[in-house]
Amino acid sequence: MIGIGVDVTTISRIEKSLGRPQFAERVFTLEERELLNKKSAPAQTAAANFAAKEAFGKALGTGLSGFSWQELSVLRDKNGAPYFAYTGALLNKMEQHGWRALVSLTHEGDAAAAFVILEEGKP
């Protein structure tokens, strides 16, 4: 294992931030914004994705300075399970080191949380 990270955020704070279009454009990739547009409660998903990006930085050991928000997407597979997709310098870093990251998301009440494990393996 390379690192672990966990983060919790409030859904209401992210919901308020989503009222400013520049927030979503800065924090979420186009694919993530498309995912949010399909949700009946987009703030829950947005908060979970936000927490996942924060937790990823903690697992990486660099915080958010180790990658660009736009290089990391938190998406869902056909069964709804979350996974990371990488682009740019972050993709190169993950491939160069032979790392992969696993993510688990949850939300309850006004809280959304993410847990990330960074380990050796195909990204």
Side-chain angles (χ1 to χ4, degrees):
M1 180 172 42
I2 307 303
I4 59 171
V6 65
D7 191 72
V8 178
T9 191
T10 56
I11 295 168
S12 59
R13 179 173 69 95
I14 298 301
E15 185 171 36
K16 183 177 178 182
S17 296
L18 288 173
R20 299 185 322 269
Q22 65 272 22
F23 172 79
E25 291 171 5
R26 180 176 57 86
V27 173
F28 302 116
T29 64
L30 177 60
E31 294 84 1
E32 288 175 300
R33 292 192 309 269
E34 289 172 352
L35 172 67
L36 296 178
N37 288 335
K38 294 177 184 176
K39 297 291 184 174
S40 60
Q44 290 178 341
T45 301
N49 280 25
F50 185 90
K53 290 185 181 201
E54 293 266 359
F56 179 86
K58 292 172 184 176
L60 196 58
T62 62
L64 296 175
S65 65
F67 64 96
S68 162
W69 291 99
Q70 293 298 312
E71 292 176 334
L72 181 65
S73 294
V74 186
L75 304 174
R76 309 300 186 275
D77 70 14
K78 65 180 181 175
N79 296 318
Y83 68 93
F84 289 121
Y86 317 97
T87 61
L90 181 58
L91 174 60
N92 292 337
K93 183 175 193 168
M94 296 295 287
E95 289 178 341
Q96 177 186 11
H97 292 289
W99 293 343
R100 72 177 180 156
L102 306 172
V103 59
S104 180
L105 306 174
T106 190
H107 50 76
E108 177 70 31
D110 194 35
F115 185 82
V116 173
I117 298 174
L118 184 62
E119 62 183 9
E120 293 185 80
K122 190 176 180 179

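For the single chain, residues carry numbers from 1 onward in sequence order.
Atom CG of Leu60 is separated from atom CG of Leu72 by 9.5 Å, given to the nearest 0.5 angstrom. Taking CD from Glu71 and CG from Leu91, the interatomic distance works out to 9.0 Å, rounded to the nearest 0.5 Å. For the atom pair CG of Leu36 and CD of Glu31, the computed distance is 11.5 Å after rounding to the nearest 0.5 Å. One finds the CG atom of Leu35 at 11.5 Å from the CG atom of Leu30 (value rounded to the nearest 0.5 Å). Note that OH of Tyr86 is 10.5 Å distant from CD of Glu95, once rounded to the nearest 0.5 Å.
Sequence neighbours left out, the pairs with a member in residues 32-41 that pass salt bridge (Lys or Arg N to Asp or Glu O under 4.0 Å) are Glu32-Lys53. Screening residues 34-55 for ring-ring contact (aromatic ring centres under 6.0 Å, His included) gives Phe50-Trp69 as the qualifying pairs, with residues at least two apart or on separate chains. Among residues at least two apart or in separate chains, there is no ring-ring contact (aromatic ring centres under 6.0 Å, His included) pair with a member in residues 101-122.
Listed by chain and number, the residues in a side-chain contact (heavy atoms from CB on, under 4.5 Å) with Asn79 are Asp77 (sequence neighbours excluded). The ring-ring contact (aromatic ring centres under 6.0 Å, His included) check on Phe84 picks up Phe56, with sequence neighbours excluded. Residues passing the side chain to side chain donor-acceptor pair (under 3.5 Å) test with Arg76, sequence neighbours excluded: Asn49. In terms of the salt bridge (charged side-chain N to carboxylate O under 4.0 Å, His left out) criterion, residue partners of Glu119 (sequence neighbours excluded) are, by chain and number, Arg100. Partners of Ile2 by side-chain contact (heavy atoms from CB on, under 4.5 Å), not counting sequence neighbours, listed by chain and number: Trp99, Leu118, Glu120. The side-chain contact (heavy atoms from CB on, under 4.5 Å) check on Ser12 picks up Thr10, Asp110, with sequence neighbours excluded. Listed by chain and residue number, Ala43 satisfy the side-chain contact (heavy atoms from CB on, under 4.5 Å) test with Glu15 (two or more places apart in sequence, or in another chain).
For the pair Gly5 and Ala59, the tightest heavy-atom approach, listed with the atom from each and the gap, is N-CB, 3.7 Å. Here the shortest heavy-atom pairing between Thr9 and Ala47 reads CG2-O, 3.3 Å. Residue Ile117 comes nearest to Met1 through the heavy atom pair CG2-SD, 3.9 Å, listed as atom of the first residue, atom of the second, then distance. The two residues Gly109 and Ile11 come nearest to each other via the heavy atoms O-CD1, 3.5 Å. The two residues Ala48 and Ala114 make their nearest non-hydrogen contact at O-CB, 4.2 Å.
Under a hydrophobic clustering in which Ile, Leu, Val, Met, Phe, Trp and Tyr are joined whenever their side-chain heavy atoms come within less than 4.5 Å, directly or via other members, Leu102 and Leu90 fall into different clusters.
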Take Lys58 and Asp7 through the side-chain contact (heavy atoms from CB on, under 4.5 Å) test and state the conclusion after the steps.
-> CA-CA 9 Å; Lys58 292 172 184 176; Asp7 191 72; 3.0 Å; yes
Determine, step by step, whether Phe28 and Thr45 satisfy the side-chain contact (heavy atoms from CB on, under 4.5 Å) criterion, reporting the C-alpha distance in whole Å, the side-chain angles of both residues, the deciding distance to 0.1 Å, and the verdict.
-> CA-CA 11 Å; Phe28 302 116; Thr45 301; over 6 Å; no
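Membership of an apolar cluster is not assigned to Val8, as no side-chain contact below 4.5 Å to another ILVMFWY residue is traced. Connectivity analysis of hydrophobic side chains (ILVMFWY, heavy atoms under 4.5 Å, direct or indirect) links Leu75 to Tyr83.
Counting only heavy atoms from C-beta outward, the side chains of Val74 and Leu105 approach each other to under 4.5 Å.
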